[in-house]
Engineer: 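Mind having a look at this structure? Questions to follow.
Numbering of ligands and ligand atoms starts at 1, following listing order. Bear in mind that the values here come from a model prediction, so they are computed numbers and not experimental data.
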Amino acid sequence: MEETFYITTPIYYVNAEPHLGHAYTTILADSLSRFHKMQGKRTFFLTGTDEHGDKIMQSARERGEDAQEYADRVSRQFRELWPELNIDYDRFIRTTDPDHVACVQRFLQLVYDNGDIYFGEYGGYYCFGCERFFTEKELEDGNCPDHQKPPEYIQETNYFFRMSRYQEWLRGYIQDNPDFIQPERYRREVLAMLREPLDDLCISRPKSRLEWGIELPFDSGYVTYVWFDALLNYISALGWPEGEDYVRFWPAAHHLVAKDILKPHAIFWPTMLRAAGVPLYRGLRVHGYWKVHEEKMSKTLGNVVRPLELRSKYGLDAFRFFLLREMQFGHDGNFSEEGLIGRFNADLANDLGNLFSRCLAMTGKYFGASAPPHPDDLDLEREDEELLQLGRDYLEKYLQCFEAVHTAEALEWLMEFVRGVNKYIDTTAPWSLYKQGYTQRLQTVLALALASLRRIALALRPVMPDASHTMCEQLGLDLGSLDVDLRQECSEWVFLSEGTRVAKKSNLFPRQELKLEREGAGEGKHASGQKKNKAGKEKAESKQGSESEQTPEIDFTDFQKLDMRVGRVEGASPHPDADRLLQLEVDAGEGYTRRIVAGLAEAYSPQDLVGRHVTVLANLKPRKLRGVTSHGMVLAVHGEQGLSLLAPDQVVSPGDKIS
Ligand code: ME8
């Protein structure tokens with residue numbers, strides 16, 4: 001049977017312009033759709049806009065626009081933005097689309113006929129921002145917890161969906177099907193909600209109060225509550241109940257949402273489906289929130305991040321890579337341009353870009369830019385076998401993590417592989433094989449390196465389609481006929497055909513610097529970041545190890561060039577190749593950890609260091625210490641008693657400046 005995969009994003013309200021948060025969910029969905037497609041599955045990727053309800057009506061009114069015109073305008077902004085971010089959806093649905101409206105009415109009628117919708121009176125606290133009633137218990141000091149405004153007390157007759165009837169069934173279902181809601185913390189949160197009595201859901205609004213909605217098929221005096229309308233987009237888009245796409249894709253449905261809309265997706269939606277006799281979706285995948293410089297993104301704070309601005313500053317691939325690499329799925333993530341640049345420079349410019357450029361340059365120099373013959377199994381040496389094993393293990397982990405939507409871990413495994421290939425090049429030293437005339441060995445090493453590049457290029461395709469395309473072109477891969485099976489690519493080694501013409505040079509990811517144009521935004525932090533980069537550009541002139549008498553005097557401006565800051569050691573391990581050295585993962589307040597190689601092993605074990613604050617020289621040019629690149633230096637004192645770390649004696653935080 002044909003394997004399918006169906007992925008959806010929330011349909012976004014048209015009362016705000018698209019921002020970083022919307023872009024993240026939609027880019028993530030796009031990468032998942034591409035990932036599954038590359039495994040030979042037939043995929044369907046749905047996104048769209050949610051256009052009915054009080055909130056939209058009010059926004060339209062504030063702007064003096066008609067609701068439909070207003071919805072058309074903002075919906076277009078979303079629809080037109082996505083292709084600019086390389087988001088390749090199959091359908092963009094609007095809740096004002098006639099087929100959606102018909103589907104909602106049909107569904108309502110069915111549930112009504114089944115006896116799960118009744119008419120009743122209700123009084124309660126209603127928040128227009130959230131478009132829902134709140135119980136007194138849910139309010140904070142009488143205010144809506146999200147909008148910090150008192151809700152209005154409203155008493156009216158309405159239609160109700162008998163949601164309470166399905167409470168026990170749903171609890172049992174979630175308990176028996178651990179994969180239904182993931183990550184686990186959200187599954188537990190939903191189970192906790194279901195331990196409290198579940199109210200029936202008010203699913204209508206009287207037209208006397210709101211006209212902007214889908215009319216109830218059984219009472220023309222009412223329109224449908226916006227959530228009951230919106231959730232149905234996931235099946236209306238497929239042509240429920242008879243549509244071919246519905247039959248094909250619904251059994252493979254995965255919804256991607258952030259934690260803000262967990263309850264409607266985990267409770268309203270499954271009970272609605274159950275009441276209509278529609279099978280449940282396969283999985284709900286819930287991510288955290290992006291914050292900006294640790295603050296909630298909001299118009300009031302003026303820190304809303306616009307995706308196109310970032311694309312034009314740093315490039316689309318850098319933006320997509322950062323979002324998927326940085327956000328630990330299920331947790332909140334922190335966005336900063338410094339973080340983006342840091343990731344870009346560490347992973348893409350230093351590790352991946354450098355690997356491509358050195359391998360292609362060597363193939364150019366030693367073999368006239370044509371791929372060497374495949375190695376014979378018998379020719380393989382220990383390092384080669386190790387690389388093959390690494391490629392199998394790490395890529396398998398990459399696939400597993402991606403499948404589970406843990407893209408940050410997936411990309412970490414892929415970058416580990418990249419670092420492994422860089423190390424393989426350092427150890428096998430093709431330049432000396434060339435000098436010594438060991439041609440056959442040189443062929444083996446470069447054939448393996450190029451095969452590694454091929455894998456990396458293909459594995460990155462769901463994340464960075466453009467960069468992956470360029471990498472494939474540089475490797476001389478025939479893109480037209482390249483029908484890739486990602487699983488196969490990751491488990492079997494495919495060598496470039498002998499004689500394939502590859503590019504002589506590659507400059508995929510030139511190092512980037514912060515580009516700050518927006519005045520005033522997060523000034524303090526940005527300003528220091530800017531200084532750091534400026535300083536980083538200038539040549540470091542410090543001389544290490546010289547005695548104080550011999551040290552030349554420097555100006556204060558020279559001293560100012562040093563970016564010294566507090567770091568916290570998040571991880572430590574022995575250097576693979578030098579007893580004296582340790583590899584540290586240090587959080588220096590930049591939103592990511594940097595790897596620093598330090599000569600501390602004589603005085604400290606890795607366990608001694610984890611959790612400690614250290615002093616970091618952050619703008620030292622990256623340098624290789626026995627094959628491992630160090631991004632900065634940890635300062636220590638060489639005292640009579642031996643080596644001791646230079647550390648602050650008060651409470652400090654990673655990133656605090658040392659001056
Ligand atoms: O809730 N970080 O629409 P919405 C990460 N129309 N993701 C974010 C985010 C942030 N800071 N801000 C927004 C609605 N998002 C309903 C959905 S679905 C049937 C109806 C993303 O415009 C995230 O995906 O408020 C979140 O769930 C969604 O936008 C909310 O979009």
Engineer: Which residue, Trp250, Tyr6, Tyr89, forms the ring-ring contact (aromatic ring centres under 6.0 Å, His included) with Phe44?
Structural biologist: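 Option passing the ring-ring contact (aromatic ring centres under 6.0 Å, His included) with Phe44: Tyr6.
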Engineer: Are side-chain N/O atoms of Asn86 and Asp30 paired as donor and acceptor at under 3.5 Å?
Structural biologist: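 Distance-only check fails for Asn86 and Asp30.
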Engineer: Listed by chain and number, what are the side-chain contact (heavy atoms from CB on, under 4.5 Å) partners of Phe119, not counting sequence neighbours?
Structural biologist: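 side-chain contact (heavy atoms from CB on, under 4.5 Å) check on Phe119 returns Thr157, Tyr159, Tyr222.
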Engineer: Using modelled atom types only, decide if a donor and an acceptor are shared between the side chain of Tyr186 and the backbone of Gly330 within a distance under 3.5 Å.
Structural biologist: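 Side chain of Tyr186 to backbone of Gly330, a donor-acceptor pair under 3.5 Å: yes, one is there.
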Engineer: Taking atom SG of Cys103 and atom CG of Leu232, what is their separation to the nearest 0.5 Å?
Structural biologist: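 Atom-to-atom, Cys103:SG and Leu232:CG are 5.5 Å apart.
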Engineer: Phe268 vs Tyr225 aromatic rings, parallel, tilted or perpendicular, using cut-offs 30° and 60°?
Structural biologist: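 Tilted.
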Engineer: Sort out the contact shell of ligand 1: every protein residue with a heavy-atom distance below 4.0 Å, listed by chain and number.
Structural biologist: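 Ligand 1 pocket, heavy atoms under 4.0 Å: Pro10, Ile11, Tyr12, Tyr13, His19, Gly21, His22, Thr25, Asp50, Trp227, Ala230, Leu231, Asn233, Tyr234, Ala258, Asp260, Ile261, His265, His287, Gly288, Tyr289, Trp290, Met297.
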